[in-house]
Number of protein chains: 2
Amino acid sequence: MNIGDVSKRASLPPKTIRYYEDIGLVTPERATNGYRSFRKSDMHKLAFLGRSRALGFTIEDCRNLLALWVDQDRASADVRAIAKEHLAQIESKILDLQEIRDTLSHLVRECSGDERPDCPILKSLEKFPMK
Amino acid sequence: MNIGDVSKRASLPPKTIRYYEDIGLVTPERATNGYRSFRKSDMHKLAFLGRSRALGFTIEDCRNLLALWVDQDRASADVRAIAKEHLAQIESKILDLQEIRDTLSHLVRECSGDERPDCPILKSLEKFPMK
DNA sequence: CTTGACCTTCCAGTAACTGGAAGCCCTATG
DNA sequence: CATAGGGCTTCCAGTTACTGGAAGGTCAAG
């Protein structure tokens with residue numbers, strides 16, 4: 001399979017797939033004309049990567065997950081540890097964003113948003129205490 | 001004021017302040033010894049930037065907000081538009097993260113996390129449909 | 001006079017791609 | 001058979017918002 005086909009099937013841009021090869025996540029064969037030639041196993045790895053990335057795992061997490069995936073002797077605890085850590089980060093990020101959202105939506109509600117210069121948003125950015 | 005003092009007062013690392021000068025957000029004077037010499041107005045701008053960044057505004061947003069801040073003839077509508085747009089992005093990001101969190105926490109709960117290789121997390125990364 | 005804390009500039013690296021240029025390869029059509 | 005198109009290749013550069021580190025000048029204290 002050429003890169004274009006894999007791209008469609010794994011829903012990953014060709015550029016991304018080449019990048020994944022560069023950093024050693026997949027190692028497709030080469031046809032005699034120099035084109036990358038993807039095996040089924042490459043295709044599956046790329047799909048796996050696409051899904052892991054869609055869940056927000058970092059590339060390094062993905063590398064580790066992929067290694068565990070191909071290792072039939074893995075311990076599920078190792079996978080779970082990565083996922084749990086990632087989950088914790090996401091939860092903390094959500095909390096951060098919710099706080100920002102609350103502050104911001106309050107300010108937007110306060111601001112008249114007309115042609116006058118008086119603006120509570122700017123006023124708040126002046127005075128708002130830093131955490 | 002030297003960069004160290006400003007750094008403490010604005011709660012921004014010196015590196016960041018130098019960077020902000022590089023990209024034209026502040027333009028401190030220079031003492032004869034070559035040291036940056038920050039006026040009160042620079043200090044206020046930096047504090048403003050720190051707060052805007054803490055609310056997640058991009059540097060370009062900050063640049064625009066800063067310009068509006070110093071412009072006494074601004075329309076509050078312009079400020080509000082930036083904040084509203086940013087708020088919308090944050091809300092959508094929160095939704096994305098919540099969806100990821102739900103998926104992930106479900107998987108983590110499902111996974112026994114022991115020494116056995118059987119793992120619902122990996123299984124899901126194989127099969128989970130891409131959006 | 002030396003030590004240590006500041007300050008300076010400049011270069012490089014981070015994460016995960018993305019865009020673009022220059023150029024080869026393959027197929028189909030006039 | 002020439003050529004036009006689309007797909008493929010590599011390589012270089014840019015993105016965001018800094019951060020780390022090296023090499024070296026400045027200043028106050030002891």
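Labels below follow one simple rule: chain letters A, B, ... track the order of the sequence lines, proteins then strands, and each chain is numbered from 1.
Taking all atoms of both residues into account, the shortest heavy-atom contact from A/Phe57 to A/Ile82 is CE2-CG2, 3.9 Å. Nearest heavy atoms, A/Leu107 versus A/Pro120: CD2-O, 4.0 Å.
The CD1 atom of B/Ile3 sits 14 Å away from the C1' atom of D/dC18 (whole-angstrom rounding). Atom pair A/Tyr19:OH and D/dG14:C1' shows a separation of 14 Å (rounding to whole Å applied). At whole-Å resolution of the value, CZ in B/Phe38 and C1' in C/dC7 are 11 Å apart. The CD1 atom of B/Ile17 sits 11 Å away from the P atom of D/dT19 (whole-angstrom rounding). Distance NZ (A/Lys8) to P (D/dG6): 13 Å, rounded to an integer number of Å. Spacing between atom CG of B/Asp5 and atom P of C/dC6 amounts to 10 Å, rounded to whole angstrom units. At whole-Å resolution of the value, CG in B/Asn2 and C1' in D/dC27 are 10 Å apart. Separating the CZ atom of B/Arg36 from the C1' atom of D/dC27 is a distance of 18 Å, rounded to the nearest angstrom.
At least one side-chain heavy atom of B/Val108 sits less than 4.5 Å from a side-chain heavy atom of A/Arg80. For the pair B/Glu21/B/Phe38, no side-chain contact is recorded, criterion being any heavy-atom separation below 4.5 Å from C-beta on.
For the side chain to side chain contact (heavy atoms under 4.5 Å, CB included) test, no residue two or more places apart in sequence or in another chain qualifies with B/Lys8. Not counting sequence neighbours, A/Tyr35 has no partner by the ring-ring contact (aromatic ring centres under 6.0 Å, His included) test.
Distances shown here put every side-chain N or O of B/Arg30 at or beyond 4.0 Å from the OP1 or OP2 atom of D/dT26. The shortest distance between the side-chain N/O atoms of A/Thr16 and the OP1/OP2 oxygens of C/dT18 is below 4.0 Å. Contact annotation: B/Arg18 does not reach the phosphate of C/dC6 (side-chain N/O to OP1 or OP2, under 4.0 Å). For D/dC18, one of the phosphate oxygens OP1 or OP2 lies less than 4.0 angstrom from a side-chain nitrogen or oxygen of B/Tyr20.
In this structure, CG on A/Leu104 lies 10.5 Å from CZ on A/Arg101, to the nearest 0.5 angstrom.
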Hey, can you pull the donor-acceptor pairs under 3.5 Å for the side chains in residues 65-79 of chain A, sequence neighbours left out?
from, atom 1, to, atom 2, distance (Å)
A/Trp69, NE1, B/Glu126, OE2, 2.7
A/Asp71, OD1, A/Asp73, N, 2.8
A/Arg74, NE, B/Pro117, O, 2.7
A/Arg74, NH1, A/Leu68, O, 3.2
A/Arg74, NH1, A/Trp69, O, 2.9
A/Arg74, NH2, B/Pro117, O, 3.2
A/Ser76, OG, B/Gly113, N, 3.3
A/Ser76, OG, B/Asp114, N, 3.1
A/Ser76, OG, B/Asp114, O, 3.4
A/Ser76, OG, B/Asp114, OD1, 3.4
A/Ser76, OG, B/Arg116, O, 3.4

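The rotation axes computed at either terminus of the helix from C/dC1-D/dG30 to C/dG30-D/dC1 lie 30° apart, taking five pairs at each end and rounding to 10 degrees.
Identified under the salt bridge (charged side-chain N to carboxylate O under 4.0 Å, His left out) test for residues 83-92 of chain A, with sequence neighbours left out: none.
Using a 4.0 Å heavy-atom criterion, one finds that B/Pro13 contacts the sugar-phosphate atoms exclusively.
In this structure, of C/dC7, D/dT9, C/dA16, it is C/dA16 that holds the atom nearest to the side chain of A/Arg53.
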### Query
Which parts of nucleotides 19-26 of chain C does protein reach within less than 4.0 Å, heavy atoms only, written one letter per nucleotide 5' to 3' as B for base, S for sugar-phosphate only and - for none?
BB----BS
